[in-house]
Amino acid sequence: MTTGFETMSTEIEAPAGWRVETRTRLSGVFAILSLVAVAVLAAAPFLVSRGIVQDLFFILTMLALAQSWNLLAGYAGLISVGQQLFVGCGAYALFGFVILAGVDPILAIPLAGLFAMVIAAPAAFFSFRLYGPYFAIGTWVIAEVGRLLFAQWKMLGGGTGTSLPREATRDMLGISLLQDWFGMRAAAAADAMAYWLALVLTALTIGFIYRLLRSKQGLGLAAVRDNETAARALGVDARRLKIAVYLATAFLTGMIGALIYLQKARISPDAAFSLTDWTAYVVFIVVIGGIGTIEGPLVGVLVFFLLQNAFSSYGSWYLLALGALAIVTMLFAPRGLWGLISSRTGWELFPVRRLLRGGSMLHGEKGGPNG
């Protein structure tokens, strides 16, 4: 028997007269509505104020971060509390490429993702020798080491950080077109460009995760998450699969971190490697919405945004409210808000379960393809 990705590359063949399906009627309707929603969101910079565009940018980037962490923790079973490492590495890589190498910020974003993925390789070498809570603590320690190292980078401001040159964002790709065609001011054009990039990155992140979960590798990932010992016995290379997911998550998170700090135009080690902003809030979004589902972070990010706007002016009470809500949710809805909705309605907007349909009447009378 072959192992790892070779095993998962084999085709899943249904018995004669039967077919394997994953899509449902509801998911088909939701796909159409999603395309309409993306089109409307793409037009937002022309329809709403700059403040609302910035709010939408925040929602999209937090959603993309939550989906990435959910892939790692909810599907690969790797509970990391060090995702701020990849946000910070991606952000600092963007500043380095722009300030030191003169690369256009738009082109620097995928390069920042690659840099974060390169950093993830040695991080995986150490952290994958740990299991369970030790893995979580290990990822946090590695992220702190990264923060301390980048704080020594004097060319990018050291511990106090630095700012992007105004001309870098003013002259980046697409800004002059927005100014000439739509009469946007430079700041509004930069916000619109960052927002569109966030929309594209979020859509690509969700699309990538959904396609992965529907693939043979997705089946292997689910098997590893549910019972790694049994998955290994069936020939799944669990370690290779986990490392691949870890590196993919680092790449996605690094690009999102670069985009966030492109929009901020100011960076410091404490901000870029913030445990609260880039891991604690992300974990809250996933837990509240529903870990192990694509729909969960969609619900969670909306709840988080509403709570943040409602209670952020209350200081520490805001954090207490988030913590209390997380505890209540885990006690009464351990599968999250979406899990509660799904259990009562049966809805699946991103179905990944494989259903065997069709067959002859004989098969139906016997109860299935095997009789």
Side-chain angles (χ1 to χ4, degrees), residues 1-13 20-23 27 63-83 86 113 116-117 120-121 123-125 127-132 135-136 138-139 202 204-254 282-283 285-287 289-298 300 335-336 338-339 342 348-356:
M1 178 179 289
T2 56
T3 61
F5 288 102
E6 294 178 0
T7 300
M8 302 313 300
S9 65
T10 58
E11 292 293 332
I12 299 177
E13 296 183 359
V20 177
E21 291 184 356
T22 54
R23 291 187 179 91
S27 68
L63 174 59
L65 288 175
Q67 292 287 4
S68 299
W69 187 83
N70 189 37
L71 173 63
L72 193 65
Y75 292 104
L78 298 171
I79 308 298
S80 168
V81 292
Q83 292 304 95
F86 306 132
M117 188 168 66
F125 177 80
S127 59
F128 273 68
R129 283 165 167 70
L130 305 171
Y131 297 92
F135 174 85
T139 57
T202 303
L204 290 178
T205 299
I206 295 174
F208 165 74
I209 293 172
Y210 186 43
R211 185 173 180 83
L212 172 65
L213 296 178
R214 286 166 50 88
S215 69
K216 313 303 184 298
Q217 288 77 19
L219 280 175
L221 198 61
V224 170
R225 177 196 61 190
D226 295 338
N227 191 322
E228 184 170 337
T229 302
R232 290 179 184 275
L234 292 174
V236 178
D237 191 335
R239 184 176 180 83
R240 184 185 300 180
L241 202 55
K242 286 184 175 182
I243 291 175
V245 169
Y246 189 75
L247 296 178
T249 301
F251 177 70
L252 294 172
T253 306
V282 167
V283 172
I285 289 170
V286 175
V287 169
I291 191 170
T293 64
I294 296 177
E295 299 92 342
L298 291 170
R335 294 175 54 201
W338 178 257
S342 180
E348 286 185 299
L349 304 181
F350 295 91
V352 295
R353 292 186 302 170
R354 287 157 175 80
L355 303 175
L356 198 59

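No hydrogens, no waters, no symmetry mates; every other heavy atom, side chains included, goes into these values.
- For A120, the side chain to side chain contact (heavy atoms under 4.5 Å, CB included) partners are F86, Y246, L247, A250, not counting sequence neighbours.
- To the nearest 0.5 Å, atom CG of residue L234 and atom CG of residue L219 are 11.5 Å apart.
- You'll find the side chain of K242 reaches within 4.5 Å of the side chain of V224, heavy atoms only.
- Listed for the W69 side chain is a donor-acceptor partner under 3.5 Å among the backbone atoms of S80.
- L212 is not listed as a side-chain neighbour of Y75, based on a closest heavy-atom distance of 4.5 Å or more.
- Side-chain contact check for L252 versus Q67: every heavy-atom pair is 4.5 Å or farther apart.
- Checked by atom type and distance alone, the side chain of Y210 pairs as donor or acceptor with a backbone atom of P351 at under 3.5 Å.
- With sequence neighbours left out, E295 forms a salt bridge (Lys or Arg N to Asp or Glu O under 4.0 Å) with no residue at all.
- Atom CZ of F350 and atom CG of L213 lie 11.0 Å apart (nearest 0.5 Å).
- Under the rule for a side chain to side chain contact (heavy atoms under 4.5 Å, CB included), the partners of A223 that lie at least two apart in sequence or sit in another chain are A231.
- For F251, the side chain to side chain contact (heavy atoms under 4.5 Å, CB included) partners two or more places apart in sequence, or in a different chain, are L114, M117, M255.
- Residues passing the side chain to side chain contact (heavy atoms under 4.5 Å, CB included) test with A76 are L78, L221, V245, sequence neighbours excluded.
- Atoms CG and CG, on L65 and N70 in that order, are 12.5 Å from each other to the nearest 0.5 Å.
- For the atom pair CZ of R239 and CD1 of I243, the computed distance is 4.5 Å after rounding to the nearest 0.5 Å.
- Taking CD1 from I209 and OG1 from T249, the interatomic distance works out to 7.5 Å, rounded to the nearest 0.5 Å.
- Here the side chain of T139 pairs a donor or acceptor atom with the backbone of V81 at under 3.5 angstrom.
- Across every non-hydrogen atom of A64 and T202, the tightest pair is CB-OG1, 3.8 Å.
- Rounding to the nearest 0.5 angstrom, the gap separating the OG atom in S342 from the CD atom in E348 is 5.5 Å.
- Residues satisfying the salt bridge (Lys or Arg N to Asp or Glu O under 4.0 Å) criterion with R232, sequence neighbours excluded, are E228.
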